[in-house]
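Structure first, then comments.
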2 protein chains.
Amino acid sequence: MATKTYQIGVEATMEVIGGKWKSIILCHLRQQPMRTSELERAIPQISQKMLVQQLRELEAANVIKRHVYQEVPPHVDYQLTDYGQSLSSVLHSLCVWGESNIDRRREQGEDIDLLHRDDL
Amino acid sequence: MATKTYQIGVEATMEVIGGKWKSIILCHLRQQPMRTSELERAIPQISQKMLVQQLRELEAANVIKRHVYQEVPPHVDYQLTDYGQSLSSVLHSLCVWGESNIDRRREQGEDIDLLHRDDL
DNA sequence: TGGGATACCCACCAAAAAGTAAGTATGGAT
DNA sequence: ATCCATACTTACTTTTTGGTGGGTATCCCA
């Protein structure tokens, strides 16, 4: 079997949280468990297909856990695993830097808006 | 002019450091200024085209600076701007989490290798 | 005259990621 | 019988990203 080789740690991190949607999903789940429909509302630009696909990949990477409530209509939520919690400070710093980036660009005259700041 | 709207700060961060290569390039530049050929050696999987393209985008985002030495043969290097430096702790935490992710996977029996740890 | 070194740039093509729109399944309420 | 809500799933298309192989420019040196 071939050995998988990384040059530098960040490569492995980006396999887990990289891509257009994963870090956004994780930042939301960092604050509280959320069900599919809540995530759809929190991330209005995402398609249902991408949301489900990204959730499956995050589950496979063991950073989130899918919890099914035995109810009708169906009720499912997603939350960080303990391992996913270990990403919490990384995710927080990603949010905070983005906020400062937005502030800076706004000061330079860009017409730019941020709806939710990360408070925790 | 349309207002650009972000839901959450991490979206803006990922515009700057997202994609397959940008965070890797930045992690290398975090340690010291590097010239094109050094970056090529440090990131052996990247093609010349992608390297140049990503460097241009990082320059446009104002996180790195291109420095031309007036010499023959040509000599150029890239370094973080002051603003790029503000990403330093984010980049470091991305490297460190990746390292722990690799360690964990190795403990679980994966055949996996990491060449360079982030020491600073 | 032409080769070496460095740092590109460009045209073209392939692969991967993402978007769209529709369909499936469950069981309760009307 | 039909509809509702939720949480998917699938087929198909478009967009984005990445790869290949070439070419340009400079000046020195043999």
Side-chain angles (χ1 to χ4, degrees), chain A residues 4 6-8 10-29 32-61 64-79, chain B residues 4-8 10-26 28-29 32-61 64-79:
Chain A
K4 169 123 202 189
Y6 296 95
Q7 301 283 324
I8 193 172
V10 66
E11 292 170 33
T13 306
M14 292 315 251
E15 280 186 5
V16 175
I17 69 165
K20 188 164 171 183
W21 301 114
K22 294 210 180 83
S23 59
I24 299 175
I25 292 169
L26 290 173
C27 282
H28 284 290
L29 292 181
Q32 77 274 165
M34 290 173 79
R35 49 194 299 186
T36 316
S37 54
E38 292 176 313
L39 284 166
E40 282 179 31
R41 268 193 300 282
I43 314 171
Q45 322 95 293
I46 201 174
S47 67
Q48 208 173 33
K49 174 192 135 176
M50 288 311 295
L51 177 58
V52 174
Q53 184 179 308
Q54 302 302 306
L55 288 169
R56 293 293 166 274
E57 291 177 17
L58 290 169
E59 229 187 317
I64 69 170
K65 188 169 47 192
R66 182 170 185 268
H67 180 193
V68 181
Y69 297 82
Q70 282 305 350
E71 290 176 11
V72 166
H75 183 171
V76 175
D77 75 17
Y78 295 90
Q79 49 196 288
Chain B
K4 170 122 201 188
T5 299
Y6 296 95
Q7 300 283 323
I8 193 171
V10 67
E11 292 170 32
T13 305
M14 292 315 250
E15 279 186 6
V16 176
I17 68 165
K20 187 165 170 183
W21 303 113
K22 295 210 180 84
S23 58
I24 299 175
I25 292 169
L26 291 173
H28 284 290
L29 293 180
Q32 76 275 165
M34 291 173 80
R35 49 194 300 186
T36 317
S37 54
E38 291 176 314
L39 284 165
E40 282 179 30
R41 267 194 301 282
I43 314 173
Q45 324 94 296
I46 201 172
S47 67
Q48 205 174 37
K49 174 189 136 178
M50 288 310 296
L51 178 58
V52 175
Q53 183 180 308
Q54 303 302 305
L55 288 169
R56 294 292 166 274
E57 291 177 17
L58 290 169
E59 230 187 315
I64 68 169
K65 189 167 48 193
R66 182 171 185 266
H67 181 192
V68 181
Y69 298 83
Q70 281 305 352
E71 291 176 9
V72 165
H75 182 170
V76 174
D77 76 16
Y78 295 91
Q79 48 196 287

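In what follows, chains carry the letters A, B, and so on, assigned in the order in which the sequence lines appear, proteins first and then strands, with residues in each chain numbered from 1.
The backbone N or O of B:Arg35 lies less than 3.5 Å from a partner atom in the side chain of B:Glu38, making a donor-acceptor pair.
Between the P atom of D:dC8 and the CG atom of A:Asp77 lies a distance of 11 Å, rounded to the nearest Å. Between the CG atom of A:Leu51 and the P atom of D:dC8 there is a distance of 8 Å, rounded to whole Å. Spacing between atom NZ of A:Lys49 and atom C1' of D:dT10 amounts to 9 Å, rounded to whole angstrom units. In this structure, A:Glu38 atom CD and D:dA7 atom P are separated by 9 Å, rounded to whole Å. As rounded to whole Å, 13 Å separates atom P of C:dA7 from atom CD of B:Gln70. We find that CD1 of A:Ile25 is positioned 10 Å from P of C:dA18, with the value rounded to whole Å. Rounded to an integer number of Å, the gap from B:Ile24 CD1 to D:dG18 P is 10 Å. When rounded to the nearest whole Å, the span between CD of A:Gln48 and P of C:dT24 equals 15 Å.
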Stepwise side-chain contact (heavy atoms from CB on, under 4.5 Å) test for A:His28 and B:Ile8:
CA-CA 9 Å; A:His28 284 290; B:Ile8 193 171; 4.1 Å; yes

A:Glu15 and A:Lys4: salt bridge (Lys or Arg N to Asp or Glu O under 4.0 Å), yes or no, with the steps?
CA-CA 13 Å; A:Glu15 280 186 5; A:Lys4 169 123 202 189; 2.9 Å; yes

Quick one: do B:Ile64 and B:Leu26 satisfy side-chain contact (heavy atoms from CB on, under 4.5 Å)? Show the steps, please.
CA-CA 8 Å; B:Ile64 68 169; B:Leu26 291 173; 3.7 Å; yes

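Closest to the side chain of A:Arg35, out of D:dG18, C:dA18, D:dA7, is D:dA7. Checking C:dA18, D:dG19, D:dC8 against the side-chain heavy atoms of A:Lys20 singles out C:dA18 as nearest. You'll find that the side chain of B:Thr36 is closest to C:dA7, out of C:dA7, D:dT9, C:dT26. Here C:dA7 is the nucleotide among C:dA7, D:dA7, C:dC8 with the atom lying nearest to any side-chain atom of B:His75. Candidate nucleotides C:dG28, D:dG18, C:dT6 were compared by shortest atom distance to the side chain of B:Trp21, and D:dG18 ranks first.
Between D:dC8 and A:Arg56, a contact under 4.0 Å exists linking OP1 or OP2 to a side-chain N or O. Using a 4.0 Å cut-off, no side-chain N or O of B:Ser47 falls inside it from OP1 or OP2 of D:dT20. For B:Arg66, a side-chain nitrogen or oxygen approaches OP1 or OP2 of C:dC8 to under 4.0 Å.
Residue contacts shown for B:Tyr78 are limited to sugar-phosphate atoms, with no base heavy atom under 4.0 Å away. Nucleic acid contact class of A:Gln53 (heavy atoms, under 4.0 Å, all strands): none.
Taking for each of B:Ser37 and A:Ile46 the nucleotide of DNA chain C with the nearest heavy atom, the 5'-most of the two is the partner of B:Ser37.
Between A:Glu57 and A:Lys22 there is a salt bridge, since at least one side-chain N of the basic residue sits less than 4.0 Å from a carboxylate O of the acidic one.
Residues A:Leu39 and A:Leu29 meet the side-chain proximity criterion, which asks for heavy atoms closer than 4.5 Å. Between B:Glu11 and A:Trp21 there is no side-chain heavy-atom pair separated by less than 4.5 Å.
With values rounded to the nearest 0.5 angstrom, B:Ile46 atom CD1 is found 4.5 Å from B:Leu51 atom CG.
A rotation axis mapping the C1' atoms of four pairs onto the next four is fitted at both ends of the helix from C:dT1-D:dA30 to C:dT30-D:dA1 over five pairs, and the angle between these axes is 40° to 10 degrees.
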